[in-house]
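Here the structure comes first, spelled out in structure tokens, and everything after it is commentary.
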Amino acid sequence: MTCTVFLRGRLYHYRFRLAPLPRVQRSTRERDKRRAQAIANLAYAAALIRVNGGHIMPTLDALIAEWEEIRGPVASASHRRGISTFKRNHLYGMGPLPIDQLNTLRVEVARNKHLATRKPASGNHWLRILRLLVNWAVKRNVLPSLPWDIAMLPEQKTPRKILPLALTDAWFSALDTATGRNSSVGIAVRLMYGLGLRESEAASARWEWVDWERGTYTPGITKGKEAVPIRMPGWLAEYLQARRKVEGLVAPSRRRGQLPEGYARHAMRKANAITGLTGITPHRLRGTCATLLSEEGTPIQTIQAMMRHKDSATTMRYLEINMDTAGAAQDRIESKIRFGGRESGADLPGEPVAT
């Protein structure tokens, strides 16, 4: 809860609540709202120090170090990687500042420095990371709210690639050639394509999570901690059946451990080059899975569950528009209209009928 200033009679009062302290409500004895707000802010800051065990407001550097110690071990690999890059390269002088001093002006100046050599999408990603960190402090009552008010920048949307059905066999053949004897990479990439798994989820896939009787696979280590059974397509079930084991990693590294981060990138780049494709990445294979399901009439709620998204709006961003599919639908609609109209010899609405 933030510190609220309100007028009672002729004097301004303030009110706030910080667990585990009781609610505070007092008079500022001021008639000027600006001076009253300053008094309220001082009282709130003093209460924050008491709640935090007497510690002063942490700097951004200290907050990042605390996040890496407390949240890092349970956060996703992408979050840890993003925070690490942000800390090393993108603080723009804000590291030594107490986080309550990260006001709108300072954050906008830092973002402009970031945008000097980068696109708006990168600036928005930078702001999301900063917001993630400071919102973590807000949730722990270190801060009453974000100390800045900045909107995301508009981005020029660009078409994202999906793996064309006509080139799927050739692409996977090229991928297997690129991986050589290390078949685990090919197995993991097929899990991404057939089940819509994230790169990390394919690397951590285990045989114990396959239900052969029902033909489903349930990811056991996911970003959102879900455990949603996903039906395996027939081709993938047949492919895995030939390599079936009782337990262990489905796609282990050569040392029998989990594949390292970025394990599929080199092979996928080679497969792209051989087949003349661009932009097919692990994440776009996940998008391809979602898009193909949508084109075959799968309801968005089902795709959302398979992708393990909290919000259907996230799922919608994965789906690419296929104008060929739209064109085929238009042709079917047109044929139905003609079947019920002039070509069938039926009278059209509004035309006179001969007597």
Side-chain angles (χ1 to χ4, degrees), residues 19 48-49 51-102 106-107 110-111 113-114 118 121-148 150 152 188 192 197-206 209 219-228 249 251-253 255-265 281-283 286 307-311 314:
L48 279 173
I49 291 174
V51 168
N52 294 328
H55 297 295
I56 61 173
M57 187 68 63
T59 64
L60 182 56
D61 282 334
L63 181 68
I64 293 173
E66 193 174 358
W67 188 94
E68 288 180 322
E69 179 182 356
I70 297 172
R71 293 295 303 165
V74 296
S76 68
S78 62
H79 271 163
R80 292 195 300 271
R81 188 166 55 248
I83 297 296
S84 177
T85 303
F86 180 84
K87 177 180 70 172
R88 291 195 314 272
N89 304 322
H90 305 314
L91 293 182
Y92 303 109
M94 296 193 302
L97 293 176
I99 56 176
D100 61 340
Q101 294 182 23
L102 302 180
R106 281 182 169 138
V107 174
R111 185 174 67 172
K113 291 179 181 178
H114 187 81
R118 294 169 178 85
S122 179
N124 288 340
H125 182 64
W126 178 88
L127 187 60
R128 288 189 193 98
I129 293 177
L130 182 62
R131 183 181 293 169
L132 178 149
L133 289 165
V134 181
N135 264 335
W136 183 60
V138 172
K139 290 177 182 177
R140 295 182 300 130
N141 287 327
V142 177
L143 271 178
S145 61
L146 285 177
W148 69 79
I150 301 176
M152 292 291 181
M192 298 179 214
L197 299 187
R198 299 177 177 92
E199 188 175 12
S200 60
E201 293 169 347
S204 63
R206 300 188 66 85
W209 301 337
I221 301 177
T222 61
K223 181 179 179 180
K225 313 303 185 228
E226 311 92 343
V228 179
L249 292 168
S253 68
R255 297 184 178 182
R256 313 313 299 170
Q258 189 167 308
L259 288 167
E261 186 177 327
Y263 60 88
R265 293 172 192 169
T281 63
H283 200 63
R286 181 168 159 82
M307 296 291 109
R308 298 168 304 287
H309 290 150
K310 303 294 184 185
D311 189 346
T314 305

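Basis for what follows: all heavy atoms, side chains included, without hydrogens, waters or symmetry-related copies.
Residues Trp126 and Thr85 fail the side-chain proximity criterion, which asks for heavy atoms closer than 4.5 Å. Looking at heavy atoms from C-beta onward, Trp136 lies in side-chain contact with Glu66 at the 4.5 angstrom threshold. Inter-residue side-chain proximity for Pro219 and Val228 is flagged as unmet; no heavy-atom pair is nearer than 4.5 Å.
Between the CZ atom in Arg140 and the CG atom in Asn135 there is a gap of 12.0 Å [rounded to 0.5 Å]. For the atom pair CG of Leu133 and CD1 of Ile83, the computed distance is 4.0 Å after rounding to the nearest 0.5 Å. If you take CZ on Arg106 and CG on Leu60, they are separated by 12.0 Å, rounding to the nearest 0.5 Å. Residue Leu249 holds its CG atom at 6.0 Å from CD of Gln258, rounded to the nearest 0.5 Å.
Judged as a salt bridge (Lys or Arg N to Asp or Glu O under 4.0 Å), and not counting sequence neighbours, the contacts of Arg81 are Glu261. Residues meeting the ring pair (Phe, Tyr, Trp, His ring centres under 6.0 Å) test with His79, sequence neighbours left out: none. Residues passing the salt bridge (Lys or Arg N to Asp or Glu O under 4.0 Å) test with Glu201, sequence neighbours excluded: Arg198, Arg308. Applying the salt bridge (Lys or Arg N to Asp or Glu O under 4.0 Å) rule to Arg286 yields no partners; only residues at least two apart in sequence or on another chain are considered. In this structure, the side chain to side chain donor-acceptor pair (under 3.5 Å) partners of Asn124, at least two apart in sequence or on a different chain, are Glu155. Partners of Lys310 by salt bridge (Lys or Arg N to Asp or Glu O under 4.0 Å), not counting sequence neighbours, listed by chain and number: Glu226. In terms of the side chain to side chain contact (heavy atoms under 4.5 Å, CB included) criterion, residue partners of Ala251 (sequence neighbours excluded) are, by chain and number, Ser184, Ile187, Ala188, Leu259. For the side chain to side chain donor-acceptor pair (under 3.5 Å) test, no residue two or more places apart in sequence or in another chain qualifies with Arg255. Pro98 is linked by a side chain to side chain contact (heavy atoms under 4.5 Å, CB included) to Met57, Asp100, Gln101, counting only residues two or more places apart in sequence or in another chain. With sequence neighbours excluded, no residue satisfies side chain to side chain donor-acceptor pair (under 3.5 Å) with Arg111.
Here the closest heavy-atom approach between residue Tyr263 and residue Ala202 is recorded as OH-CB, 3.5 Å. Here the closest heavy-atom approach between residue Met192 and residue Pro282 is recorded as SD-CB, 3.7 Å. In plain terms, the two heavy atoms of Ile99 and Pro147 that are nearest each other are O-CG, 3.5 Å. For the residue pair Ser204 and Trp209, the shortest heavy atom distance occurs at O-CZ3, 3.2 Å. Contact between Leu146 and Val138 at its shortest, heavy atoms only, is N-CG2, 3.9 Å.
Residue pairs meeting the salt bridge (charged side-chain N to carboxylate O under 4.0 Å, His left out) criterion with at least one member in residues 128-137: none, sequence neighbours excluded.
More than 12 heavy atoms of other residues, nucleotides or ligands lie within 6.0 Å of NZ in Lys225, so this atom counts as buried by the packing criterion.
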Acceptor/donor pairs from residues 86-94 side chains to any protein atom, 3.5 angstrom cut, sequence neighbours excluded:
unit_1: Lys87; atom_1: NZ; unit_2: Glu68; atom_2: OE1; d: 3.0
unit_1: Lys87; atom_1: NZ; unit_2: Glu68; atom_2: OE2; d: 3.2
unit_1: Arg88; atom_1: NH1; unit_2: Ser84; atom_2: OG; d: 2.7
unit_1: His90; atom_1: ND1; unit_2: Tyr92; atom_2: OH; d: 3.3
unit_1: Tyr92; atom_1: OH; unit_2: His114; atom_2: ND1; d: 2.8

